[in-house]
Asker: 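Structure below; questions to follow.
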Amino acid sequence: MKKSEADWAEERQEMVRLLAGFYRIHDERILRAMEEIPRHLFVPERFRLIADPYGDHPCPIGCGQTISQPYIVVYMTEKLNPQLGEKVLEIGTGSGYQAAVLAATGAEVYTIETVPELAEHARQVLKENGFDKVQVRCGDGYAGWPEAAPFDVIIGTCAPEAVPLVLVEQLAEGGRMMLPVGTGIQRLVILRRRGGVLTQEDDLPVRFVPMVHTKTV
Ligand code: SAH
């Protein structure tokens with residue numbers, strides 16, 4: 001059955017109520033962004049009705065990939081706490097939804113996706129929804145984005161076996177980086193660079209798709 005924009009908006013409000021109530025997310029800025037950004041439009045049309053885009057779980061977007069569960073999107077964004085005008089690098093654009101949530105905080109977002117079809121879809125949907133300043137590159141996240149570095153925030157939404165050194169090198173002073181690390185069992189890892197010193201902390205156990213190595217690298 002087809003849904004109207006009003007139906008989707010109601011589901012979106014329900015999602016935000018769950019994030020604020022059950023999951024105890026307090027950052028109004030991010031909750032408001034998630035209440036406004038039409039997550040369902042980031043899901044390709046052929047999956048939209050069956051995928052339950054506002055449900056409390058990851059959502060399929062094609063090419064064997066998913067948008068993270070809303071809780072994980074808001075959790076990582078809250079921990080990284082991007083500020084107006086800060087530079088953010090995302091590895092693993094997927095649908096573009098996480099990039100949109102980051103951009104809604106007023107940060108300058110650069111995002112890299114290895115699958116051309118997904119990069120193209122994300123570029124399109126971001127543009128159509130007013131996020132045309134987000135820069136989408138089809139390429140290999142292991143290289144980072146040297147021309148735009150350093151970044152105040154780096155977020156990975158696919159899991160390497162170990163923290164890639166190249167990305168650490170692209171983290172600015174005062175910068176925060178969060179990504180899932182490991183094969184099989186993964187953990188979110190947070191790194192911070194303060195006063196030239198790098199600290200690393202383990203966080204939640206998670207399950208993301210692997211950060212793949214492309215053959216050209
Ligand atoms: N953040 C996304 C979800 C990401 S799913 C969203 O909001 O929708 C993880 C994505 O990482 C997949 O699309 C996958 O193709 C991509 N990926 C995997 N390895 C990569 C790499 N080496 N470089 C860039 N992207 C990669």
Side-chain angles (χ1 to χ4, degrees), residues 37 39 41-44 47 58-68 72-73 76-77 80 82 85-172 175-183 186 188-191 193 198 206-217:
I37 298 170
R39 180 171 159 105
L41 296 181
F42 288 77
V43 178
F47 295 109
C59 178
I61 54 172
C63 306
Q65 306 299 339
T66 56
I67 318 186
S68 306
I72 294 293
V73 172
M76 291 177 81
T77 311
L80 289 164
E86 280 194 325
K87 265 188 178 179
V88 177
L89 174 66
E90 180 192 29
I91 312 297
T93 314
S95 68
Y97 178 70
Q98 172 77 72
V101 173
L102 291 162
T105 69
E108 203 181 295
V109 180
Y110 297 76
T111 179
I112 308 178
E113 169 57 54
T114 190
V115 178
E117 188 187 329
L118 292 176
E120 194 39 55
H121 174 262
R123 199 174 279 131
Q124 187 70 26
V125 76
L126 282 163
K127 198 164 146 211
E128 284 167 5
N129 288 280
F131 295 101
D132 35 351
K133 289 209 193 87
V134 174
Q135 303 221 35
V136 183
R137 168 178 284 184
C138 184
D140 185 358
Y142 282 103
W145 196 312
E147 311 91 296
F151 296 96
D152 304 293
V153 168
I154 300 180
I155 177 172
T157 60
C158 44
E161 303 92 57
V163 178
L165 204 59
V166 174
L167 298 183
V168 175
E169 284 166 2
Q170 294 183 13
L171 191 64
R176 296 84 69 198
M177 170 160 151
M178 190 173 206
L179 75 175
V181 175
T183 46
Q186 302 164 359
L188 278 178
V189 166
I190 312 177
L191 294 99
R193 171 167 280 150
L198 199 71
V206 282
R207 193 148 161 193
F208 281 80
V209 296
M211 186 162 158
V212 296
H213 289 276
T214 51
K215 290 190 193 81
T216 51
V217 176

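Position 1 is the first residue of the sequence; numbering continues from there. Keep in mind that the numbers below use all heavy atoms, side chains included, and drop hydrogens, waters and symmetry copies.
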Asker: Over all heavy atoms of both residues, which pair between Asp152 and Ala172 is shortest? Give the atoms and the distance, please.
Answerer: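 Distance-wise, the nearest heavy atoms are OD1-CB, 4.1 Å.
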Asker: For the side chain of Glu113 and the backbone of Gly94, is there at least one donor-acceptor N/O pair under 3.5 Å apart?
Answerer: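 Pair found, side chain donor or acceptor close to backbone of Gly94.
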Asker: Measuring from Leu102:CG to Glu90:CD, what's the distance to the nearest 0.5 Å?
Answerer: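 Leu102 atom CG to Glu90 atom CD measures 6.0 Å (nearest 0.5 Å).
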Asker: Testing Thr77, Thr93, Thr157 one by one against Gln98 for a side-chain hydrogen bond (donor to acceptor under 3.5 Å, both in side chains), which residue passes?
Answerer: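 Output: one option passes, namely Thr77.
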Asker: With side-chain contact (heavy atoms from CB on, under 4.5 Å) as the test, would you mind laying out the steps for Glu120 and Glu117 before giving the verdict?
Answerer: CA-CA 5 Å; Glu120 194 39 55; Glu117 188 187 329; 5.9 Å; no
Asker: Grab the two heavy atoms, one from Pro60 and one from Val43, that are nearest each other, plus how far apart they are.
Answerer: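 Heavy atoms only, the tightest pair is O-CG1, 3.7 Å.
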Asker: Would you find a donor on one side and an acceptor on the other, under 3.5 Å apart, between the side chain of Tyr142 and the backbone of Pro160?
Answerer: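 Looks like no, no N/O pair under 3.5 Å.
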Asker: How many angstroms lie between atom CD of Gln135 and atom CZ of Arg123, to the nearest 0.5 angstrom?
Answerer: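 Interatomic distance, Gln135 CD to Arg123 CZ, rounded to 0.5 Å: 10.0 Å.
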Asker: Have a look at Ile155 and tell me which of Val109, Val73, Leu80 forms a side chain to side chain contact (heavy atoms under 4.5 Å, CB included) with it.
Answerer: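 Answer to the side chain to side chain contact (heavy atoms under 4.5 Å, CB included) test with Ile155 among Val109, Val73, Leu80: Leu80.
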Asker: For a side-chain contact (heavy atoms from CB on, under 4.5 Å) check, start with the C-alpha distance between Ser68 and Phe208, then their side-chain angles and the critical distance, and finish with the verdict.
Answerer: CA-CA 8 Å; Ser68 306; Phe208 281 80; 3.6 Å; yes
Asker: Looking only at non-hydrogen atoms, find the nearest pair between Pro150 and Leu171 and report the distance.
Answerer: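 Closest approach of Pro150 to Leu171: CB-C, 4.3 Å.
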Asker: Kindly check if the number of other-residue, nucleotide or ligand heavy atoms within 6.0 Å of CD (Glu128) is above 12?
Answerer: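 It does: Glu128 CD has more than 12 such atoms within range.
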Asker: So, for Ala143 and Val166, which heavy atoms are closest and what is the spacing to 0.1 Å?
Answerer: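 Scanning both residues completely, I find the closest heavy atoms to be O-CG1, 3.5 Å.
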Asker: To check you understand the geometry: which heavy-atom pair defines the closest contact between Leu126 and Ala100, and what is its length?
Answerer: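 Heavy atoms only, the tightest pair is CD2-CB, 3.9 Å.
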Asker: Any chance you could measure Cys158, atom SG, to Gln65, atom CD, to the nearest 0.5 Å?
Answerer: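 Separation between the atoms: 8.5 Å.
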Asker: To the nearest 0.5 Å, what is the distance between CG (Asp140) and CE (Met211)?
Answerer: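 Going from the CG atom of Asp140 to the CE atom of Met211 covers 6.5 Å.
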Asker: List the steps and the verdict of side-chain contact (heavy atoms from CB on, under 4.5 Å) for Tyr110 and Lys87.
Answerer: CA-CA 8 Å; Tyr110 297 76; Lys87 265 188 178 179; 3.9 Å; yes
Asker: Can you name the closest pair of heavy atoms from Val115 and Cys138 and give their distance?
Answerer: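 Closest pair (atom of Val115, atom of Cys138, distance): C-SG, 4.2 Å.
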Asker: Is there a donor-acceptor pair closer than 3.5 Å between any side-chain N or O of Gln170 and the backbone N or O of Trp145?
Answerer: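 The answer is yes, because a donor-acceptor pair under 3.5 Å joins these two groups.
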Asker: Using salt bridge (Lys or Arg N to Asp or Glu O under 4.0 Å) as the criterion, list what pairs up with Arg193, not counting sequence neighbours.
Answerer: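 Per chain and number, Arg193 pairs via salt bridge (Lys or Arg N to Asp or Glu O under 4.0 Å) with no residue.
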Asker: Pick out which of Leu191, Ile154, Leu188 makes a side chain to side chain contact (heavy atoms under 4.5 Å, CB included) with Met178.
Answerer: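 Per the side chain to side chain contact (heavy atoms under 4.5 Å, CB included) rule, the option paired with Met178 is Leu188, out of Leu191, Ile154, Leu188.
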Asker: Determine, step by step, whether His121 and Ile61 satisfy the side-chain contact (heavy atoms from CB on, under 4.5 Å) criterion, reporting the C-alpha distance in whole Å, the side-chain angles of both residues, the deciding distance to 0.1 Å, and the verdict.
Answerer: CA-CA 10 Å; His121 174 262; Ile61 54 172; over 6 Å; no
Asker: State the SG-CZ distance between Cys59 and Phe42, to the nearest 0.5 angstrom.
Answerer: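 It comes to 12.0 Å.
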Asker: Quick check against the 3.5 Å criterion: does Asn129 have a side-chain atom that pairs as donor or acceptor with the backbone of Phe131?
Answerer: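 No, because the side chain of Asn129 does not come within donor-acceptor range (under 3.5 Å) of the backbone of Phe131.
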